[in-house]
Amino acid sequence: MHTAGSARATTLQSAFFARQVLPVAQELLGKYLVSPCGEGMITEVEAYDGPEDKACHGRFGFTERTAPMFGPPGHWYVYLVYGMYWMLNIVTDTEGYPSAVLIRGVGEWHGPGKITKALGIDGSMSGKNADEQSGLWMEDRGVRVLSSQIRRTPRVGIGYAGEWKDVPYRFVLAQ
DNA sequence: GCAGTGATCATA
DNA sequence: ATGATCACTGCC
């Protein structure tokens, strides 16, 4: 109680994610991804923002796979890409509006496919709430991130997305 | 620079 | 049932 910097870790709750995806994505830098299999600080994310975003999976409407994106914020959306790699996203904003943050870098793991492989995350996590019961959640451990430490770039791997391919929705914590 | 890999979705 | 697509990675 005497040391200002010794904040207890707090689990990020639904209210944190029930906001526009861009501020949520930016503020996830410096937070921790935690599971029984491993954990680390989030260092790279991307935002996917609603039906107008030509790179967002929600742009084609509700399907079985993308259902979690249309569900309540604070739940996981996990899908397989290129037949090999599970992509981990946290759903944001309001129920019915498809938006999510892709977790691309955590601790020593640089790359969304490496994170899920290291932590043993697969599609069975999709649609579950991000809490201790599901076994995968995020924590604020008091790490302060200055805006000067954040680099913004276009998103990776979405060259098909027309005018949306160049929007700076990727956030990287400077090394 | 590009192959590997298989679920998903549209079309039928 | 079939074919195109794909928010990656590792090796050429």
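In this text the structure is predicted, and so the values were computed from the model without any measurement. Below, chain A is the first sequence line, B the second, and so on; all start at residue 1.
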key: Short side-chain N/O contact from Arg170(A) to OP1 or OP2 of dA7(C), under 4.0 Å   =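 For dA7(C), neither OP1 nor OP2 has a side-chain N or O of Arg170(A) closer than 4.0 Å.
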inquiry  = So, does Tyr85(A) get its side chain near the phosphate of dG4(B), meaning an N or O under 4.0 Å from OP1 or OP2?
reply    =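 False: Tyr85(A) side-chain N/O out of range (4.0 Å or more) of dG4(B) OP1/OP2.
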Sidechain N-carboxylate O distance under 4.0 Å for [X], [Y]:
X: Arg19(A); Y: Glu27(A); value: yes
X: Arg155(A); Y: Asp53(A); value: yes
X: Lys54(A); Y: Glu163(A); value: yes
X: Arg170(A); Y: Glu44(A); value: yes

key: Candidate nucleotides dC8(C), dC9(B), dG4(B), ranked by approach to the side chain of Thr63(A) - the nearest   =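 From the listed options, dC9(B) comes nearest.
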[N] [atom2] sits how many Å from [X] [atom1], rounded?
X: His110(A); N: dT9(C); atom1: NE2; atom2: C1'; value: 15 Å
X: Leu80(A); N: dT5(C); atom1: CG; atom2: P; value: 18 Å
X: Trp86(A); N: dT5(B); atom1: CH2; atom2: P; value: 17 Å
X: Tyr82(A); N: dC8(C); atom1: OH; atom2: P; value: 5 Å
X: Arg104(A); N: dA7(C); atom1: CZ; atom2: P; value: 11 Å
X: Trp76(A); N: dA7(C); atom1: CH2; atom2: P; value: 19 Å
X: Trp109(A); N: dT9(C); atom1: CH2; atom2: C1'; value: 17 Å
X: His57(A); N: dT5(C); atom1: NE2; atom2: P; value: 15 Å

query = Now, which nucleotide makes the Watson-Crick or G-U wobble pair with dA4(C), with each of the two distances under 3.5 Å?
reply =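 WC or wobble partner is dT8(B).
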ask   = For dC2(B), what is the paired nucleotide under Watson-Crick or G-U wobble rules, both distances under 3.5 Å?
value =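 For dC2(B), the partner nucleotide comes out as dG10(C), under the 3.5 Å rule.
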Touch class at under 4.0 angstrom, heavy-atom based, for [X] against every strand present:
X: Arg155(A); result: nothing
X: Ile158(A); result: sugar-phosphate
X: Met87(A); result: sugar-phosphate
X: Phe60(A); result: nothing

Under 5.5 Å and under 30°: Tyr48(A) stacked on dA7(C) =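 Given the distance and angle limits, yes, they stack.
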key: His57(A)-Tyr79(A) aromatic ring centre distance below 6.0 Å   =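 Ring centres of Tyr79(A) and His57(A) closer than 6.0 Å.
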query = Nearest nucleotide by nearest heavy atom, which residue falls closer to the 5' end of DNA chain C, Lys114(A) or Ala100(A)?
reply =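 Nearest-nucleotide comparison on DNA chain C picks Ala100(A).
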